[in-house]
Structures are given as C-alpha cells and as structure tokens.
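Inspection log for the structure reproduced underneath, given as structure tokens.
Chain identifiers are assigned alphabetically (A, B, ...) following the order of the sequence lines, protein sequences preceding nucleic acid strands; residue numbering begins at 1 within each chain.
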Amino acid sequence: MSLLKAFNCLCLMLTLSVVNTALAHHSFAVYDNSRSVTLKGVVTKWQWTNPHAYLELDVKDASGSSKHFVLEGTSINIMIRGGWRSNMIKVGDQVTAIAAPTLNGDSTGLLLEVTLANGEKVEMPIPAGYTFKRTP
Amino acid sequence: MNHTLMLMLYLMAMMPLPVFAQQSAQTIPDITGVWERAKDPTAPSSQPAQLKPEYLKEKQRLVQAQSEANAKGAPLATRLMHCQGDGMPGMMGGPFPMEILQSKGQVTIIQEAYTQVRRIYLDAAQKAIDELEPSFFGNSVGLWDGSVLLVDTVGIKPQVLYQNMPHSEQMRIKEKIYFATNEILRDEITIEDPVVLEKPWTFTMSYKRIPNYQMLEYICEGNRYYVDDNGQQKMLPSSALN
C-alpha cells in the first residue's frame with residue numbers, strides 16, 4: 001500500500017504547510033485521538049458516499065454475543081485519490097478495523113485502517129489522520 | 001497600383017487577426033486546468049484580519065464556544081455539516097482539487113468539494129450590492145490587466161462565514177490571480193468590509209497543477225449528521241438514511 005502511505009504523507013505535508021484552508025464537513029472532536037480500538041467482525045453495511053463513507057460491523061465478544069459498530073471514514077473523493085475503490089469491501093466480508101473510539105463511549109468510531117477479507121491492509125486517508133494515535 | 005502597394009494589401013489580407021488583438025491574447029496566460037493548494041514560500045505573508053471591537057468579541061465568543069464544546073467531545077454544528085459548501089472565499093481554499101475553465105467572456109472555477117461553481121464574468125460591469133440577491137458565491141466580474149486576472153465579488157450571504165469571520169452586506173472580495181512562477185498560480189485575496197474590518201484584510205492562496213486529473217463528482221448523498229436542539233452535531237443511524 002505504498003500509494004496510500006504516499007498519499008497520507010502528502011496530506012500531512014499539505015496540512016502543515018497550507019494556511020487558510022477550507023473547513024472540514026464536520027468536527028472530528030467527538031473522537032478520542034489518544035487511543036485506538038481493533039474490531040474484528042463481519043461487514044453489515046458499506047456506505048460508499050459523500051460527504052463520508054461508513055463501515056458497519058457486527059463484532060462478537062468472547063462470550064459470543066454480538067455488538068454493532070458504525071465506523072466513519074472520509075470523503076470518497078479523498079479515498080479514491082488514496083487508492084480506495086468501492087468494491088474493496090462487501091457485505092458479509094470478515095474484516096479487521098482499527099478505529100478511534102468516540103469520547104462518549106458509544107459504539108461509533110473514526111475508521112483509521114482496515115484489513116480486508118483478502119488480507120490487504122488499507123489506510124483511511126483522513127486529513128490530519130496522523131493526529132489520531134494507534135494503541136494496542 | 002504599384003507592386004509595393006499590392007504587396008502590402010496582400011500581406012494585410014493574409015493576417016488572420018489584427019496585430020493588436022494577437023498581442024493582447026498573448027498576454028493572457030493559460031490558467032485552464034485542475035489545481036490543488038501548494039506551498040508558495042515567496043508569497044506575501046498573510047496577516048490576521050483586524051476586526052472592529054464588537055465583531056472581534058463576536059468572533060472570540062464563537063471560537064471559545066467551539067473550543068469548549070470540542071474539549072467535551074460534543075462539537076457545535078456548522079453550516080458545512082449540512083453539505084452547503086464553503087461559498088466565497090472559502091471555496092478557493094481547497095483542500096480538494098479545483099478546476100479553472102477559460103471561455104469567451106468568462107472564467108469558471110469549480111471546487112470539487114460539494115461541487116461548488118463560481119462564474120467570473122469578464123469585462124462586465126459590477127452590479128450595485130442592493131441589486132443583488134445575496135448568495136454563496138456572490139457576483140464576480142473580472143478583467144485581464146496584462147497577465148493578471150483582477151476579480152471583484154460582492155453579494156455574499158451573511159451566514160457564509162470564512163474562518164468564523166462575521167461580515168456585512170458591504171463586504172467586497174478583490175482578487176489578483178496570476179502566475180507567481182511558471183508552476184505556481186497565486187490568488188491574492190483582499191476582503192474589504194468597512195462595517196466589520198478596521199482595514200482591508202489580505203491573504204494569499206497558491207496552487208499547482210495536478211496533471212491529467214479528472215475531476216470527480218461530489219454529491220452529498222449519505223450525510224448522517226444533523227443538529228440537535230442544543231446546536232450540537234449528531235450522527236443518524238444508517239436506518240434513517242433509507
């Protein structure tokens with residue numbers, strides 16, 4: 001995924017170097033940028049839209065009970081430029097997602113990275129995504 | 001008729017355009033293409049806007065409220081949350097690609113984010129602000145002064161804020177768009193607003209070409225965000241979209 005990494009570097013450089021940029025669609029302040037969670041589950045919805053994409057998963061815990069998660073991506077235009085395609089994910093796929101959880105502890109999050117059903121890792125090219133820490 | 005006169009008439013007939021028109025066209029640079037924001041180390045440094053005291057307080061109140069809400073993880077809603085687009089001058093700021101098209105009598109600028117379009121009418125008279133219905137992009141007229149495109153824009157809706165800056169209906173946006181180098185296209189933007197600003201506010205946005213890029217569509221078809229009764233942004237469940 002060197003293309004995605006290169007794109008993220010570009011985003012970082014652009015964010016650092018350019019002032020007077022336009023605003024984002026909405027604030028990401030609902031998400032905790034100090035930690036991440038890893039969610040292994042089955043895709044129940046893959047919403048490939050603007051202003052943002054959404055990945056929904058059913059994740060089973062150790063006891064076997066299932067919990068539903070809604071993970072938000074970025075604009076599909078940014079994702080396309082970063083190498084993403086809509087057909088990379090399908091309903092029913094088993095995937096592993098890394099996400100920044102919400103500060104209020106509900107079952108939504110900001111999608112940072114996905115390991116696809118074929119084992120390929122793809123990063124979400126969120127502008128200023130480097131500000132969200134990955135934790136074990 | 002002697003040979004010299006015949007030769008002169010022949011040469012004049014062979015000229016496809018009057019010489020002066022050719023020279024004029026040659027000074028107009030080709031800015032058609034797709035652009036993205038770029039570093040521009042030699043750009044004039046941008047200074048913060050100097051607001052009149054009452055408007056400075058209004059802006060500070062808004063910024064403080066946003067900061068406190070963000071710290072609680074419960075950000076306040078913004079206009080963009082409804083996919084309304086930046087309007088002017090925010091749409092010139094990217095960070096999505098921006099396409100410029102030059103046609104007869106018009107320069108058209110398309111910002112990929114939210115599919116925002118502004119039209120600059122060349123060599124046209126600006127309208128009086130009172131005659132215009134306020135809009136997101138206002139009414140833009142422009143002219144080529146040598147190789148510099150001068151643009152004048154008025155008629156921006158009051159709720160179209162750039163960087164949380166309040167503005168009055170008297171706001172006027174003046175732009176100088178020109179090549180700073182062979183690669184860098186620069187837009188020097190000056191906002192005049194005698195009601196809100198102590199003095200005109202000038203800042204610069206610079207761009208480089210994105211070769212071979214085809215603009216993507218941007219339709220806000222899957223917006224899950226809404227504003228709750230407390231003015232905070234909230235996310236709808238997916239079931240609410242269908």
Side-chain angles (χ1 to χ4, degrees), chain A residues 10-34 44-57 68-81 86 91 100-110 125-128, chain B residues 36-41 46 66-67 69-83 85-86 89-97 111-116 161-164 189 203-206 210 213 215-225 232-235 237-238 241:
Chain A
L10 186 67
C11 278
L12 170 62
M13 285 165 58
L14 207 62
T15 307
L16 290 176
S17 64
V18 173
V19 292
N20 296 321
T21 53
L23 296 170
H25 164 64
H26 67 80
S27 169
F28 282 165
V30 292
Y31 299 115
D32 186 348
N33 65 4
S34 69
T44 62
K45 181 158 185 165
W46 174 228
Q47 182 186 321
W48 180 260
T49 62
N50 277 314
H52 291 165
Y54 289 88
L55 177 66
E56 300 197 22
L57 300 176
H68 188 68
F69 284 86
V70 177
L71 305 176
E72 180 175 25
T74 186
S75 160
I76 57 171
N77 295 42
I78 295 176
M79 291 169 67
I80 290 168
R81 285 192 285 278
S86 61
V91 170
T102 50
L103 287 162
N104 68 14
D106 66 14
S107 57
T108 61
L110 179 65
I126 297 161
Chain B
E36 64 180 337
R37 293 292 299 276
K39 286 183 179 178
D40 185 2
S46 298
Q66 286 176 340
S67 173
N70 286 348
K72 293 176 192 165
L76 300 177
T78 67
R79 187 175 42 74
L80 286 179
M81 221 188 65
H82 301 294
C83 288
D86 310 86
M91 70 161 281
M92 299 300 290
F96 284 52
Q111 166 57 239
E112 190 178 275
Y114 310 102
T115 316
Q116 300 176 84
L161 303 185
Y162 176 62
Q163 296 195 341
N164 290 320
I189 300 173
F203 51 90
T204 302
M205 293 176 179
S206 302
I210 315 178
Y213 181 76
M215 293 281 281
L216 299 172
E217 70 170 26
Y218 186 114
I219 308 295
C220 229
E221 64 180 316
N223 191 9
R224 293 194 179 197
Y225 280 87
Q232 292 176 348
Q233 69 172 39
K234 289 288 163 60
M235 194 198 291
S238 61
L241 292 176

(request) Heavy-atom distances under 4.5 Å only: say whether S75(A) touches chain B with side chain, backbone, both or neither. (result) side chain
(request) Identify which part of Q111(B) has an atom lying under 4.5 Å from any heavy atom of chain A, answering side chain, backbone, both or neither. (result) neither
(request) Kindly compute the distance separating CZ (R224(B)) from CD (E72(A)), expressed to the nearest 0.5 Å. (result) 8.5 Å
(request) Apply ring pair (Phe, Tyr, Trp, His ring centres under 6.0 Å) to F69(A) and list each qualifying residue two or more places apart in sequence or on a separate chain. (result) none
(request) Can you see which heavy atom on G222(B) is nearest to which on P51(A), and at what distance? (result) C-CD, 3.9 Å
(message) Check this for me: does any side-chain nitrogen of one of R81(A) and E36(B) sit under 4.0 Å from a carboxylate oxygen of the other?
(response) no
(request) Give, for atom CG of N223(B) and atom OG1 of T49(A), the distance between the pair rounded to the nearest 0.5 Å. (result) 8.5 Å
(message) Within the structure provided, determine whether I78(A) and F96(B) are in side-chain contact (heavy-atom separation under 4.5 Å).
(response) yes
(request) Identify which part of I76(A) has an atom lying under 4.5 Å from any heavy atom of chain B, answering side chain, backbone, both or neither. (result) neither
(message) I'd like to know which of P89(B), P97(B), A69(B), A71(B) tops the heavy-atom pair count under 4.5 Å against chain A.
(response) P97(B)
(request) Could you look at L216(B) and say if it's the side chain, the backbone, both or neither that has a heavy atom under 4.5 Å from chain A? (result) both
(message) Would you compute the distance between atom CG of N77(A) and atom CE of M215(B) and round it to the nearest 0.5 angstrom?
(response) 9.0 Å
